[in-house]
Amino acid sequence: MKFSRGDTFSLHVRYKKWYGMKSKHEDIVFEPEDMFRECSAGERREYNKVHKNITVVVELSGNPTAKHTEQLVSPSDETLELQPTTDEMFRKCPQFRILVIGKVGVGKTSLINCAFGVQNAIPAHDMPGEATIDVPLFSPQNNRFVLHDSNGFEPGEKGNLEIVRDFIDRRRAMPDLKDQLHAVWLCFQIPRAGGRLLETGVEQFLTSKLKGELGNVPIVIVFTKYDLLLERVERTLDESAMKSLSKADIQELTETRAKDKLQEICIAPLETLGSGIPHVTVSTNGNHEETLARLIQTTEELVYKHFGTDVSVMTSVAQRVDPGLNIKASIEVGKKKYWNALASGASFKNRSMWDCLHVLHTDIVNVWNFQDTHGVIALFFVVVAYSDVAYAQYLRSPEFRTMMTNMVDELDVGPTADPNKNLAFGLSIVGTVAGIVSALAGPAAPIVAPIMASVVIAKWAYDIYQQSRVALQRFMKYIIDLTLVLQTLYIVLQTPDLVSENREKQGKKELSRRAIKLAVRSYHESPMSGEVHNRIQEYDRDLTFRERADRDSLDQLVQLLQSYNISAEEMPDLRGKIPLWIYHRMNHGTRSRSLSA
C-alpha cells in the first residue's frame, strides 16, 4: 500500500475468546504520520502498533521526505478508496470546544442558540453556582460543537475564578487537539449609564490572560443585548429634531450615539487594563445578524492563529451564522489535497468520474453541516448511525449526487458573461425563489425539481478519469454548482417557515426534501448558474496545460467562489425580498417521496 501524509487506515481484526469461543471484532486505526517518523531515507524499518493484547508489525520502506512524493510507494495504491479530506480533519478535531462565561441573565442561552443553530443548548440556571464547567453540553441539532458553561465572577467571590483558571489550565495541557479548549467567550450585558462593568474577579481573570498565565487560548469579550442599548439611545433623541430626518437618518444617528455610549461604559473600562483582548458587541434580537457574524469571524481568526487550519475549519463548520465562513472552510479543505490537482488529476488516476466527484461532494457537504438527519429511511438515501439510531441523509444520497452531476452538463451556456457586471448572487437567488413559490398552482402544489433531477446519471460519470479540459471543467462546475446550491439552501432554511413540511417543523432549520428541491431549482433557474458555467468555460479557453495548470485552476476556483459569496450582513435584506404571503403558501406544502418528484 502507498500512503501520503494526512491519510489514515485501519486493520479489521476478528478473533475468538478462549472461554465461550464467542467471535469478536475490532478496528485498529493506524496513523501514517506516526509511521513516517519511523521511516528514514534509504532504510527499512518496522512500525509496531500495540492494541490491547494484540501487536501488529508493519514493515516500512521508501523515502517519506522525498521532495515531490512524501509517500511510501507500493503498486497497490489505486486499489484504495478515495478518502474525503474531512475524514482525517474531523478525526483530529471532531468538534469545536468552547467555554462561555457569564452571569445569569446576560443572554448566554440566546447567544449559543443563534450562533450554532440549536435550541436550549444551555440549561436554565435559577441560582448562581449551578453551572458545572467540567460537564460538556451537546446538542442533537448540531454535533459539531461542545459547550462548557460557567457562571460569571460574582463580587467578593473567588471560588469560580479559580475553577475557571484550573479548567483552562487542564484543557490546554491535554495532548489531543479534540480535548483542548478552542475558545472562550466572556459575556457581559451592556450596563446602563453608571453601571459597573468590571468586577474584581473579572479584572483578575483578564489580567491573568494579559500576563500569559492562561496560555494562548483565544478569549473574546462579548457585550450582549446591543438592541436594548439602541432602544435606550433612540428614546433620548430630540423628537423635534427627528421630524426632519428620514428613517435611515434616524437609524444612523442612533447607531452613532450608541457607539459613543458603548465606548464610554464598556470599552474605556477595558482599556484601563491594557490592550490585547478583542471585544465584540452582539444582539440576538432584531436584524442584527452582522453582530453575530463579527463574533464568529473574530473567533475563527483567533483560533486559526493559535491552532491552525484544522480547528479554524471546525469553527466555521460548527457555526450557523455566516455562510461565507462555510465557503472559506471548503476552500481550506480543498487546498489540503484534491483541489490542488484538479488539472493534473494526480489523485484521480484510474478512478471513475463518479468516485472522483463523490469525494469532492462529501467534503463540501461535510463543511456546510446542515441538520441532515431524519427518522424515515427512504429509497436511495444513505443510512448512517447517529446516537444508535439509523437516519437517512438527503445531501449524501446517490439521488442528490445524481442531480448535481447532471447539472454539470445540462445548463445551457449562452454568451460569455462580463465578470465586472455580475448580478448580486443573493438578490438573483431570492428573486428566483419568490418567483417559483408565487407561481405554484395552489397551497398544496409540490415543488417540481428541474429536468436534470433524473435518477439516470450522465453517461460520462461512469468513465474512468483522464486528464483533459473537459474533466477539469466538470470538476470546477461541480464544485461551484454544489457550493452555490448549498448556499441557496442556507438562504431557504434561514427564511422563517418557508419550506416546512409540517407544522411541527415550522421555525426549525431542519432539512427537508422540499427545501432541497426549492434550492436546486432556484439556483438552476437563476441567471447565476449560466453565468458560472460561462466563466469557467471562458477560463478554460485561456488555460494551457503546463506546470502551473493546477495552481491556475485552483486560483480561478477560489476567485469564483469568493465572488458569489453571500455575507451574513446581507441576510436580513434578502429575507425581506420574499413577500410574507409566500410563507403562508409554503407552510401547507405536501410531502414528496423523492428529490426528483
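Because the structure is predicted, anything quoted here is derived from the model rather than measured.
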Next on the checklist: Quick check: F145 with F116 (ring centres under 6.0 Å apart)?
Outcome noted: yes
Next on the checklist: Does any part of the side chain of R91, heavy atoms only, come nearer than 4.5 Å to the side chain of K178, both counted from C-beta?
Outcome noted: no
Checklist outcome for this item: Taken to the nearest 0.5 Å, the spacing of E290 CD from H288 NE2 works out to 7.0 Å
Next on the checklist: For a 4.5 angstrom cut-off between non-hydrogen side-chain atoms, does L486 reach L395?
Outcome noted: yes
Next on the checklist: So, taking the atom named CG in N285 and the one named CD in E231, what distance separates them when rounded to the nearest 0.5 Å?
Outcome noted: 8.5 Å
Item to check | Between S567 and E570, a side-chain donor and acceptor under 3.5 Å | outcome: yes
Item to check | Main-chain N/O of F96 paired to R144 side chain as donor or acceptor, under 3.5 Å | outcome: no
Name every donor-acceptor pair, under 3.5 Å, that has one atom in a side chain of residues 166-175 and the other anywhere in the protein, sequence neighbours excluded.
| unit_1 | atom_1 | unit_2 | atom_2 | d |
| --- | --- | --- | --- | --- |
| D166 | OD2 | R170 | NE | 2.8 |
| D166 | OD2 | R170 | NH2 | 3.4 |
| D169 | OD1 | R172 | NE | 3.3 |
| D169 | OD1 | R172 | NH2 | 3.2 |
| R170 | NH1 | D134 | OD1 | 3.2 |
| R170 | NH2 | D134 | OD1 | 3.1 |
| R170 | NH2 | D134 | OD2 | 3.2 |
| R171 | NH1 | D179 | O | 2.7 |
| R172 | NH2 | E213 | O | 3.2 |

Checklist outcome for this item: Heavy-atom closest pair (R232 atom, I190 atom, distance to 0.1 Å) is NH2-O, 3.9 Å
Item to check | Partners passing side chain to side chain contact (heavy atoms under 4.5 Å, CB included) against T272 (at least two apart in sequence or in another chain) | outcome: none
Checklist entry - Do S246 and D249 have side-chain N/O donor and acceptor atoms under 3.5 Å apart? => result yes
Next on the checklist: If I compare all heavy atoms of F307 with all of P218, which pair ends up nearest, and what's the gap?
Outcome noted: CE1-CD, 4.0 Å
Checklist entry - CD1 of I277 to CD of E271: how many Å apart, nearest 0.5 Å? => result 12.5 Å
Next on the checklist: Between N143 and F138, is there a side-chain heavy-atom distance shorter than 4.5 Å?
Outcome noted: no
Item to check | Spatial distance of atom CZ (R320) from atom CH2 (W368) [nearest 0.5 Å] | outcome: 12.0 Å
Next on the checklist: With heavy-atom distances below 4.5 Å as the criterion, would you say the side chains of V164 and F205 are in contact?
Outcome noted: yes
Checklist entry - Do L206 and L186 come within less than 4.5 Å of each other through their side chains, counting heavy atoms only? => result yes
Checklist entry - P278 and L302: which non-hydrogen atoms are nearest, and at how many Å? => result CG-CD1, 3.5 Å
Checklist outcome for this item: With sequence neighbours left out, the residues meeting side chain to side chain donor-acceptor pair (under 3.5 Å) with Q180 are none
Next on the checklist: For G102, is there any backbone N or O sitting under 3.5 Å from a side-chain donor or acceptor partner on K108?
Outcome noted: yes
Next on the checklist: Quick check against the 3.5 Å criterion: does N142 have a side-chain atom that pairs as donor or acceptor with the backbone of V118?
Outcome noted: no
Checklist entry - What residues, two or more places apart in sequence or in another chain, satisfy side chain to side chain contact (heavy atoms under 4.5 Å, CB included) together with K336? => result T85, M89, T309, D310
Checklist entry - With E162, which residues qualify under side chain to side chain contact (heavy atoms under 4.5 Å, CB included), at least two apart? => result R165
Next on the checklist: Under a 3.5 Å threshold, yes or no: a donor from one side chain and an acceptor from the other, between Q297 and D322?
Outcome noted: yes
Next on the checklist: Counting C-beta onward and ignoring hydrogens, is there a side-chain heavy-atom pair between F188 and V222 closer than 4.5 Å?
Outcome noted: no
Item to check | Flag, side chain of K209 to backbone of G215, donor-acceptor distance under 3.5 Å | outcome: yes
Item to check | Side chain to side chain, V280 and T291, heavy atoms closer than 4.5 Å | outcome: no
Next on the checklist: Distance check, rounded to the nearest 0.5 Å: Q83 atom CD versus T86 atom OG1?
Outcome noted: 10.0 Å
Next on the checklist: Under a plain distance cut-off of 3.5 Å, with no hydrogens placed, do R396 and N366 share a side-chain donor-acceptor pair?
Outcome noted: yes
Item to check | Main-chain N/O of L99 paired to H182 side chain as donor or acceptor, under 3.5 Å | outcome: no
Checklist entry - How far apart are the closest heavy atoms of T254 and V233, and which atoms are they? => result O-CG1, 3.7 Å
Checklist entry - So, does E255 use its side chain to make a donor-acceptor pair with the main chain of I250 at under 3.5 Å? => result no
Next on the checklist: Assess, by modelled atom type and distance only, whether the side chains of N340 and D550 contain a donor and an acceptor separated by less than 3.5 Å.
Outcome noted: no
Item to check | Inter-residue atom distance Q319.CD - N326.CG, 0.5 Å rounding | outcome: 5.0 Å
Checklist outcome for this item: With sequence neighbours left out, the residues meeting side chain to side chain contact (heavy atoms under 4.5 Å, CB included) with A329 are V313, S316, V367
Item to check | Atom CD of E252 with >12 non-hydrogen neighbours under 6.0 angstrom | outcome: no
Next on the checklist: Tell me the closest heavy-atom pair linking V303 and A183, and the distance in Å.
Outcome noted: CG2-CB, 4.4 Å
Item to check | Evaluation steps, salt bridge (charged side-chain N to carboxylate O under 4.0 Å, His left out), between E300 and K328 | outcome: CA-CA 11 Å; E300 187 271 341; K328 178 181 178 182; 3.0 Å; yes
Item to check | Flag for W185-T299: side-chain donor and acceptor within less than 3.5 Å | outcome: yes
Checklist entry - Can you check side-chain contact (heavy atoms from CB on, under 4.5 Å) on R97 and L147, steps first, answer last? => result CA-CA 6 Å; R97 187 178 297 274; L147 172 66; over 6 Å; no
Item to check | Where V321 and E289 come nearest, the two heavy atoms and their spacing | outcome: CG1-O, 4.0 Å
Item to check | V317 and F90, any side-chain heavy atoms less than 4.5 Å apart | outcome: yes
